[in-house]
Amino acid sequence: MKRILVSLLVLCVSPAFAQTSPLDGDWTGKSDGGSCNAPLEFALSIEAGIVDGTALDPSAKGPAPNLRKSAPPPPTPGLWQIYGAARAGNFSLRAVASVKGADHRETKFLVTVQGTTLLLTESGNCSRKAALTRK
């Protein structure tokens with residue numbers, strides 16, 4: 001009985017201690033194509049400074065049929081999982097591509113807060129840039 005009461009107390013009090021961030025909210029935007037000529041559509045959610053979101057490449061191609069009995073080109077990543085911790089000023093986010101097997105792809109984004117806009121700059125090969133606004 002004592003355990004149940006302690007558990008209920010922790011559940012009731014925990015939301016009161018959740019810290020909010022001035023960056024909390026839902027952020028969306030689209031990047032340029034960068035050197036890869038593949039723009040990304042971003043959808044980020046920031047809650048208590050924790051960033052979780054996705055970036056979608058609408059031009060990504062899936063596995064191609066093998067018509068010539070040769071190895072088809074690998075599929076390009078169409079979905080990226082983005083995560084990190086938001087801070088005032090500059091912070092970085094990590095992104096991992098949704099590809100199978102040994103073709104593991106990962107990149108980082110440097111985020112600069114400028115007023116009501118988040119400016120993202122990719123540090124990987126594509127060097128994409130995006131401006132995200134709050135919904």
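- Rounded to the nearest 0.5 angstrom, I82 CD1 and F42 CZ are separated by 5.0 Å.
- For S35 (side chain) and C126 (main-chain N/O), a donor-acceptor pair under 3.5 Å exists by modelled atom type.
- Annotation: the span from R128 atom CZ to N37 atom CG amounts to 10.0 Å, rounded to 0.5 Å.
- Between atom CH2 of residue W80 and atom CD of residue E106 there is a gap of 8.5 Å, rounded to the nearest 0.5 Å.
- Using a 4.5 Å heavy-atom threshold, the side chains of Q81 and D52 count as touching.
- Here the shortest heavy-atom pairing between A86 and L23 reads CB-CD1, 3.9 Å.
- Note that the OG1 atom of T121 and the CG atom of N90 stand 9.5 Å from one another [nearest 0.5 Å].
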(request) Given side-chain contact (heavy atoms from CB on, under 4.5 Å), test V111 with V51 step by step and report yes or no. (result) CA-CA 11 Å; V111 182; V51 181; over 6 Å; no
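- Side-chain atoms of D32 come within 3.5 Å of backbone N or O of K129 as a donor-acceptor pair.
- For the residue pair P39 and P58, the shortest heavy atom distance occurs at O-CD, 3.8 Å.
- For the pair R134 (side chain) and D24 (backbone), a donor-acceptor distance under 3.5 Å is present.
- No continuous path of hydrophobic side-chain contacts links L119 to F109 [ILVMFWY only; heavy atoms under 4.5 Å].
- The two residues V113 and R87 have their closest heavy-atom pair at CG2-O, 4.1 Å.
- When hydrophobic clusters are built by joining Ile, Leu, Val, Met, Phe, Trp and Tyr residues whose side-chain heavy atoms come closer than 4.5 Å, directly or via intermediates, F91 is grouped together with L120.
- In this structure the side chain of Y83 reaches within 4.5 angstrom of the side chain of V96, judged on heavy atoms.
- Judged purely by atom type and a 3.5 angstrom limit, S31 uses its side chain to pair as donor or acceptor with the backbone of L40.
- A distance-only check finds a donor-acceptor pair linking the side chain of S123 to the backbone of K108 [under 3.5 Å].
- Rounding to the nearest 0.5 angstrom, the gap separating the CG atom in D26 from the CG atom in L132 is 11.0 Å.
- For the pair D57 and A38, the tightest heavy-atom approach, listed with the atom from each and the gap, is OD2-CB, 3.5 Å.
- Of the inter-residue distances, the one linking L118 atom CG with T133 atom OG1 reads 9.0 Å to the nearest 0.5 angstrom.
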